Amino acid sequence: MITSDVQQAAAVIRAGGLVGMPTETVYGLAADAASGPALAHLYAVKGRPADHPSIVHVASVEDAASWAAVWPAQAELLARRFWPGPLTLILPAGERAHPAALGGTGTIALRIPDAPLALALIEAAGTGLAAPSANRFGRVSPTTALHVAEDLGQDVAVILDGGRCSIGVESTIVDLTGSHPRILRPGAITAEMLEEALAEPLSPLVEGAPRAPGTLAAHYAPQLPVLLIDDPLDVDDPGSTTLIAPTGTAAQGFHAVVDAGATPAVYAERLYALLRASDLSGAARIAVLPPPPTGIGLAVLDRLRRAAASA
Ligand code: TXA
Ligand code: MG
């Protein structure tokens, strides 16, 4: 059921159930991060392998620190600067999280989402909420309550409706367990913003040996094959191709042309809804002309590369 009743949703969490939770990035599928049975249910519904950890969502910086074994100065700095917001910090895990939320890593991913319903739910439930994106493993992330209902409605009793996600791609993940902070997944908080806040350089993003499903080569995939292109003229069979492209892109002869907006930020906000709609457009494939690779455009490009890798 799609609802805005936070108390009802909090009762579901306390009883070990699952709630579709709006955040500013994408919708999450939330469960009590301290409960083994709730997490087992979460992983079964999501279809997610047990060795993939989940982000634990909390409502205050003090609360975040209580889920970690240590709270370094870098964490304090980034938390005060960017939370609530689209930034996830990886730290050594404390005792509070059930090991099932940690995927055997011994580390914990923490974030305060910038979304009033999510914060109200966390506070009313009185625990941290493990919440992967509320899609089946490997598929397109949801940015509306309806997306969640379409993907998981059979298995999720309550979906909180917070409207459309304002950012549209998942949080930036920063690993604070190494000698230097390192980005594991790009998002709306960019490397430049982090380096400026930390006053130190980040370790370079390392490809390969991923611990994280969102960093697997193939992920975020719609049903149709996705082709990442530099120029619409390179598409061999435009008549059976739906093109997703920035506003004003010159393109002729396509099955459909979908407007991804004039800026990388608008592109990010629309991305997952456009991939879902393009799946239903009646074309045989989706060609995507990405936004410029600056700011959040880098996060969009990262998700599109992984969506195209499954084709
Ligand atoms: O914006 C977001 O981050 C959204 C919203 C719902 O908060 N959540 C999200 O969750 O994208 P998910 O599970 O789809 O992606 C979380 C990523 C995964 O790649 C996961 O493996 C990684 O975070 N992760 C979680 N805990 C980790 C840990 N302890 N060490 C390394 N990576 C971790
Ligand atoms: Mg995900």
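Predicted model, so just to flag it, every value in this text is computed and none were measured. Just follow the structure's listing: the first ligand is 1, and inside any ligand the first atom is 1.
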Give the atoms of ligand 1, by number and element, whose distance to some non-hydrogen atom of [X] is under 4.0 Å.
| X | result |
| --- | --- |
| H57 | 5 (C), 6 (C), 7 (O) |
| R48 | 12 (P), 13 (O), 18 (C), 20 (C) |
| P132 | 10 (O), 12 (P), 13 (O) |
| V26 | 4 (C), 6 (C) |
| T105 | 29 (N) |
| I173 | 17 (C), 22 (C), 23 (O) |
| G28 | 6 (C) |
| T25 | 1 (O), 2 (C), 4 (C), 5 (C) |

Check: Y43 ring centroid to H52 ring centroid under 6.0 Å: no

Per atom 28 (C) of ligand 1, closest listed option by heavy atom (V169, I55, I90): I90

Of the listed options P49, A118, S171, closest to atom 3 (O) of ligand 1 (non-hydrogen atoms): S171

Mode of E170 contact toward ligand 1 - side chain, backbone, both, neither (heavy atoms, under 4.0 Å): both

Side chain, backbone, both or neither: R111 near ligand 1, heavy atoms under 4.0 Å: side chain

Below 3.5 angstrom, do we get any N/O pair linking [X] and ligand 1?
| X | value |
| --- | --- |
| S133 | yes |
| T107 | yes |
| T88 | no |
| R185 | yes |

Residue S141, metal the Mg ion (ligand 2), N/O/S under 2.8 Å: no

Assess the side chains of [X] and [Y]: does a donor N or O sit below 3.5 Å from an acceptor N or O?
| X | Y | result |
| --- | --- | --- |
| R96 | S66 | yes |
| S141 | E170 | yes |
| R185 | S171 | yes |

Around [X], counting heavy atoms of other residues, nucleotides and ligands shown, do more than 12 lie under 6.0 Å from its [atom1]?
| X | atom1 | answer |
| --- | --- | --- |
| Q154 | CD | no |
| E200 | CD | yes |
| D231 | CG | yes |

Y220 six-ring centre to R306 NZ/CZ under 6.0 Å and within 45° of normal: no

R164 bridged to E24 by N-O distance under 4.0 Å: no

side-chain contact (heavy atoms from CB on, under 4.5 Å) assessment of V288 paired with V226: CA-CA 7 Å; V288 189; V226 174; 3.9 Å; yes

Steps toward side-chain hydrogen bond (donor to acceptor under 3.5 Å, both in side chains) verdict (T247, D259): CA-CA 5 Å; T247 305; D259 178 10; 2.7 Å; yes

